[in-house]
Protein chains: 2
Amino acid sequence: MTEEAKNTAVRRSYRHGDLRRALLDAGIALARSGGPDAVVLREATRQAGVVPNAAYRHFSSRDDLVRAVRAYALSQVAIAMETELARIPAELPPLAFAQASVRAVGTGYLHYAHAEPGLFKTAFFFHENVDADTDPAKAGRSGMNPFQLLSMALERLATAGGLPPERRLGAEYLAWSAVHGLALLVSEGPLHGMPEVQRQMLGQRLLDMVEKGL
Amino acid sequence: MTEEAKNTAVRRSYRHGDLRRALLDAGIALARSGGPDAVVLREATRQAGVVPNAAYRHFSSRDDLVRAVRAYALSQVAIAMETELARIPAELPPLAFAQASVRAVGTGYLHYAHAEPGLFKTAFFFHENVDADTDPAKAGRSGMNPFQLLSMALERLATAGGLPPERRLGAEYLAWSAVHGLALLVSEGPLHGMPEVQRQMLGQRLLDMVEKGL
DNA sequence: GCCAAATGTGTACGCCGTACACATAAAATA
DNA sequence: TATTTTATGTGTACGGCGTACACATTTGGC
């Protein structure tokens, strides 16, 4: 037992080893199964096998913990988008490549919202404590956040001639609106639990709509 | 003082008069300034000048009170939509009338989301306790809920030939997605506090997108 | 080896939702 | 009108939450 007292295990020594990590993991697990409201500080400390107040050595408040979980969730969303982007054949003609990029970021976004509703909701749970630098997103794997990835895709589209310059400004928000709305209906709204096939179908039609209507 | 001890007033007699109404009013006020999470039962009873447990004679739980507030908020959304629908000149040619209808319901929805972010969020706060008959909405003034009003507008569009039959199925959800997404970005998201003009502009462009892309 | 900094503990407070027994006013019945 | 039932508000209590403050223990630098 060279290394004991790890993240989820109930440690035996006074010191924990990496309590911050353990609390974050617990917070992520809680958010995964219930969204941001389910991230309760005392429960996280319980899972880490530590007294409630120990958390305050690593997070200044419950909200601070939620923020950390949100940063994680946002990076996961970014990764989901990047994964879809990576599937695009590089040899595609410019316009097709750009269109595929827009669809890819949308698909990744929708996919994550369906696969991890709780974390998705945590990632884009505005409402409270929105500080400018955190919003709309934190880091991704490529160093870009979800919003930046969307902007990039739309810029590709504009450059390739698929998006008239006069419609460029604010296009991120229009596309984001459409995709975000469907993501919510699917992840926690009336479309929750919809069969996979129908969900993908609806996602594709929504992206058609965005592409045609932008 | 023929009638005293009304809604917000702190009554003097043992009986309140209409505690249920007073609690609902308080709940609405709380939701208005902070969304569903701000609806705290004890505060509502405080505002009604009554002991906490008195609430349980009228609402079986806090969630029950929130549900009542949500029903109110939904009816207000419906009314906002109906108000916009009423502005449409009846003598318009069928297709134009149908298109105007779709825009009207979208505009009403967006307008309410901007004017009453807290209540809007309460109205469409899925996530918890979604029971089939309550979802997606409760009653409006015309007896229709927001979702039904949207469906009606889209049906007009389909009938007028503005929406190909093969694209009719699920069109409500596509349109709803787009509008709902923007409503969220505006009411509690990164677009919160955006100047009125820009907001309306963005709303119109979004509805353009929906119209062209559906 | 000693001291200071970092990290976990103990105790306590005021919120919250809500269960249960009790008090009182209004309505129904006689 | 007198009495009983029912509706409605009160009192007390419990456990859970976030978190403030003082205290204990370990670790790391000198």
Side-chain angles (χ1 to χ4, degrees), chain A residues 3-27 29-31 33-70 122 127-129, chain B residues 3-27 29-31 33-70 122 127-129:
Chain A
E3 60 169 326
E4 56 179 351
K6 257 350 221 342
N7 309 0
T8 54
V10 184
R11 95 271 120 102
R12 195 160 298 278
S13 60
Y14 192 87
R15 286 304 221 272
H16 182 282
D18 196 352
L19 182 53
R20 187 190 157 87
R21 183 72 232 174
L23 290 173
L24 186 51
D25 284 351
L30 289 170
S33 65
D37 293 355
V39 179
V40 21
L41 200 149
R42 285 178 109 106
E43 175 59 26
T45 60
R46 236 171 271 135
Q47 288 184 20
V50 98
V51 99
N53 287 346
Y56 288 89
R57 298 294 173 190
H58 304 277
F59 300 96
S60 65
S61 66
R62 188 202 85 108
D63 264 22
D64 197 33
L65 173 57
V66 175
R67 267 190 290 271
V69 174
R70 177 163 66 178
T122 307
H127 177 46
E128 279 177 353
N129 53 22
Chain B
E3 58 169 326
E4 55 179 353
K6 258 348 222 344
N7 311 0
T8 54
V10 184
R11 96 273 119 102
R12 194 159 298 280
S13 59
Y14 192 86
R15 285 306 219 270
H16 181 283
D18 197 352
L19 182 54
R20 187 190 156 86
R21 182 73 233 173
L23 291 173
L24 186 52
D25 284 352
L30 289 170
S33 65
D37 293 355
V39 179
V40 21
L41 201 149
R42 284 179 110 104
E43 175 60 25
T45 60
R46 235 171 271 133
Q47 288 184 18
V50 97
V51 98
N53 287 346
Y56 287 89
R57 298 294 174 190
H58 304 277
F59 299 97
S60 65
S61 66
R62 189 201 86 107
D63 264 22
D64 197 33
L65 173 58
V66 175
R67 266 190 290 271
V69 174
R70 180 164 62 177
T122 307
H127 177 44
E128 278 177 355
N129 54 20

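Chain identifiers are assigned alphabetically (A, B, ...) following the order of the sequence lines, protein sequences preceding nucleic acid strands; residue numbering begins at 1 within each chain.
The side chain of A/R57 approaches C/dG8 more closely than any other nucleotide in the set D/dT10, C/dG17, C/dG8.
Rounded to the nearest 0.5 Å, atoms CZ (B/R67) and CZ (B/R62) are 10.5 Å apart. Rounded to the nearest 0.5 Å, atoms CG (B/D63) and CZ (B/R70) are 8.5 Å apart. From A/D18, atom CG reaches atom CG of A/D25 across 8.5 Å, with rounding to the nearest 0.5 Å.
What separates CG of A/L19 from C1' of D/dT25 is a distance of 15 Å, to the nearest Å. The interatomic distance linking A/F59 (CZ) with C/dG8 (P) rounds to 12 Å, in whole Å. Separating the CZ atom of B/R21 from the P atom of D/dT8 is a distance of 16 Å, rounded to the nearest angstrom. Atom OH in A/Y56 sits roughly 18 Å away from atom P in C/dT11 (whole-Å rounding). Rounding to whole angstrom units, CZ of residue A/R20 and P of C/dA6 are separated by 16 Å. Atom CG of B/D18 and atom P of C/dA26 are 15 Å apart (whole Å).
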Identify each atom pair where a protein N or O and an N or O of nucleotides 13-17 of chain D are less than 3.5 Å apart, giving names and distance.
residue: D/dC17; atom: OP2; partner: A/R46; partner atom: NH2; Å: 2.5

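Under the rule for a side chain to side chain contact (heavy atoms under 4.5 Å, CB included), the partners of A/A31 that lie at least two apart in sequence or sit in another chain are A/V39, A/V69, A/L119, A/T122. Applying the side chain to side chain contact (heavy atoms under 4.5 Å, CB included) criterion to B/A55, with sequence neighbours excluded, gives B/L23, B/L41, B/T45.
Between B/H58 and the phosphate of D/dG9, there is a side-chain N or O to OP1/OP2 separation shorter than 4.0 Å.
Counting only distance, with no hydrogens or angles, the side chain of B/R20 and the backbone of B/H58 share a donor-acceptor pair below 3.5 Å.
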